[in-house]
Amino acid sequence: MSGQSKVGGVEPRHVAERLARFGSSIFAEMTGLAQKHGAVNLSQGFPDFDGPDVAKRAAIAAIEAGHGQYARMIGVPTLNAAIAEGWAARGFGDVDPEAEVTVTSGCSEAIAATLMGLLNPGDEVVVFEPYFDFYTACTAMAGGTCRFVTLRPPMDGKGAFGFDEGEFRAAFTARTRVVIVNSPHNPTGKVFTRQELELIAGVCRERGVVVISDEVYEHLIYEEGMEHVPIATLPGMRERTITMSSMGKTFALTGWKIGWTIAPPALTAAVRAGHQFMTFSSATPLQHGAAAALRGAGEFVEKQRRLFAGNRDRLCGALAGLGLTVFPSHSTYFVMADHSALGLGDDRAFCRHLTETVGVAAIPPSVFYGTPGMGTAFVRFAFCKKAETIDEAIRRLQALRR
Ligand code: PMP
């Protein structure tokens with residue numbers, strides 16, 4: 001594995017200072033290593049099967065109908081409407097599809113455009129660690145700085161990752177502009193409880209801070225009785241929250257890169273201020289496909305949810321049987337485990353061994369922490385795959401016994 005300082009495998013001689021320290025994305029690095037060693041790739045989170053036909057047919061029809069020019073900057077009307085309809089249908093409230101919904105190139109661009117649109121140089125962003133790495137890199141692109149609040153694994157190995165209220169409050173300063181909440185959470189699989197979200201919301205209201213709520217895994221919760229609570233639906237939060245999501249995870253179409261934000265007009269203005277000069281608009285035919293998926297692929301989503309729940313159970317069972325401490329994952333594509341009992345070094349060494357010798361690729365999660373030294377005992381596996389892929393990974397993982 002190359003060092004953090006290299007970008008695309010070369011020294012970052014020409015890379016701007018604010019980005020050089022981020023190095024190459026770990027996902028590209030691990031997927032490359034997985035391919036080189038013919039490893040089962042449980043590193044980057046993407047399914048190894050295709051999305052729903054209804055989406056593909058609608059996108060093809062849009063191409064054939066001549067929808068080949070720039071889409072509206074804010075999104076094609078039918079997609080903006082489908083996003084607003086979906087939100088209302090789940091009881092989250094009415095939103096104006098024209099004034100409050102913006103289509104972006106994946107949730108990735110939503111994160112970048114929003115931070116670019118919101119932050120002034122020196123502004124601070126509170127981020128829970130471990131985190132999705134776009135939050136820190138895009139904050140840096142926008143000239144901001146992150147402050148970290150650590151999510152710690154449950155002491156008893158049961159329950160869920162959690163945070164300390166005092167540490168959360170202590171992360172705020174006079175320069176805090178934004179808190180980023182990601183529930184369900186990558187990489188831990190944590191679903192923030194209503195109580196936790198109320199605590200976060202209360203502090204944000206007190207401090208006059210905006211919330212960016214990344215909800216890309218909103219439809220992938222595996223536990224009976226656990227609910228997805230958008231923080232925007234809590235009292236006093238609609239007017240200070242930018243909710244974002246995308247179709248990639250929900251419909252196993254991560255390569256389409258169609259995402260969106262939902263926010264009141266004053267915050268939507270910030271999103272669009274960034275979006276108009278980053279991509280201006282997203283692929284027109286794929287927006288038509290996304291609208292069809294949102295309106296007509298409910299059965300696909302449910303089937304996929306059952307597949308991933310089964311994968312999670314089998315993979316977690318196998319990892320526990322091999323001596324790893326597996327932390328419960330209730331959602332997302334991922335599960336985190338503690339590998340230290342196996343004595344194979346830190347997370348990078350462990351993942352290198354796993355990929356090169358065992359033939360299974362995973363992610364070393366220390367790259368998802370802002371606090372130095374954190375996460376080195378952990379490993380993140382993706383289970384968003386066909387059942388047979390997970391079974392093959394489990395078969396190979398047995399080599400860890402020897
Ligand atoms: N947010 C989180 C938490 C993610 O895990 C990902 C994808 N790994 C994204 C955003 C990016 O979403 P998209 O693929 O729609 O750009």
Side-chain angles (χ1 to χ4, degrees), residues 25-31 41-48 51 55 75 79 83 101-116 125 127-139 141 146 151 161 178-192 211-221 228 230-231 242-262 271 274-275 278-279 281-283 286-287 289-290 293-294 301 308 329-336 362-363 365 367-369 380-385:
S25 154
I26 191 71
F27 306 114
E29 199 172 310
M30 288 310 305
T31 292
N41 190 1
L42 305 189
S43 62
Q44 195 174 6
F46 60 85
D48 56 354
L79 178 53
I83 293 162
V101 176
T102 307
V103 175
T104 57
S105 296
C107 184
S108 306
E109 196 229 340
I111 296 164
T114 300
L115 288 166
M116 286 289 193
V125 178
V127 176
F128 291 92
E129 64 177 5
Y131 48 71
F132 176 53
D133 58 0
F134 263 64
Y135 306 149
T136 44
C138 293
T139 296
M141 279 192 221
C146 289
L151 291 171
F161 278 70
V178 177
V179 173
I180 302 182
V181 179
N182 169 218
S183 180
H185 182 259
N186 170 8
T188 63
K190 171 186 175 63
V191 178
F192 281 65
V211 173
I212 293 178
S213 183
D214 176 344
E215 303 179 10
V216 293
Y217 298 102
E218 59 187 324
H219 294 286
L220 294 172
I221 295 179
H228 172 62
I231 194 167
I242 299 168
T243 304
M244 49 185 67
S245 191
S246 75
M247 68 174 304
K249 323 286 176 189
T250 305
F251 301 112
L253 290 168
T254 60
W256 282 33
K257 298 298 282 188
I258 299 293
W260 55 83
T261 61
I262 300 174
V271 175
H275 170 65
M278 294 188 76
T279 57
S281 62
S282 305
L286 300 185
Q287 293 195 47
L294 284 170
V301 177
F308 292 168
S329 162
H330 300 130
S331 178
T332 75
Y333 279 0
F334 309 111
V335 61
M336 293 258 276
I363 291 281
V367 296
F368 304 143
Y369 287 84
R380 187 196 80 173
F381 292 94
F383 52 75
C384 52
K385 306 288 174 183

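Computed over heavy atoms, backbone and side chain alike; hydrogens, waters and symmetry mates excluded. All residue numbers in this chain count up from 1 along the given sequence. Read the numbers this way: they start at 1 and go in the same order the structure lists the ligands and their atoms. Keep in mind that this is a model prediction, so the values were computed, not measured.
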Lys385 NZ/CZ over Phe383 ring centroid, <6.0 Å and within 45° of normal: no
Residues forming a side chain to side chain donor-acceptor pair (under 3.5 Å) with Ser246, sequence neighbours excluded: none
When the side chains of residues 128-139 are checked against the rest of the protein, which donor-acceptor pairs come out under 3.5 Å, sequence neighbours left out?
unit_1	atom_1	unit_2	atom_2	d
Glu129	OE1	Gly370	N	2.7
Glu129	OE1	Thr371	N	2.9
Glu129	OE1	Thr371	OG1	3.2
Glu129	OE2	Thr150	OG1	2.6
Glu129	OE2	Thr371	OG1	2.7
Tyr131	OH	Tyr369	O	3.3
Tyr135	OH	Asp214	OD2	2.7
Thr136	OG1	Asp133	O	3.0
Thr139	OG1	Tyr135	O	2.6

Check: Glu218/Ser245 side-chain N/O donor and acceptor closer than 3.5 Å: yes
Side chains of Ser282 and Ser105, donor plus acceptor under 3.5 Å: yes
All side chain to side chain donor-acceptor pair (under 3.5 Å) counterparts of Thr102, not counting sequence neighbours: Arg272
Contact table ligand 1 N or O to protein N or O, d under 3.5 Å:
unit_1	atom_1	unit_2	atom_2	d
ligand 1	1 (N)	Asp214	OD1	3.4
ligand 1	1 (N)	Asp214	OD2	2.5
ligand 1	5 (O)	Asn186	ND2	2.8
ligand 1	5 (O)	Tyr217	OH	2.7
ligand 1	8 (N)	Lys249	NZ	2.9
ligand 1	15 (O)	Cys107	N	2.8
ligand 1	15 (O)	Ser246	OG	2.7
ligand 1	16 (O)	Cys107	N	3.1
ligand 1	16 (O)	Ser108	N	2.9
ligand 1	16 (O)	Ser108	OG	2.5
ligand 1	16 (O)	Lys257	NZ	2.8

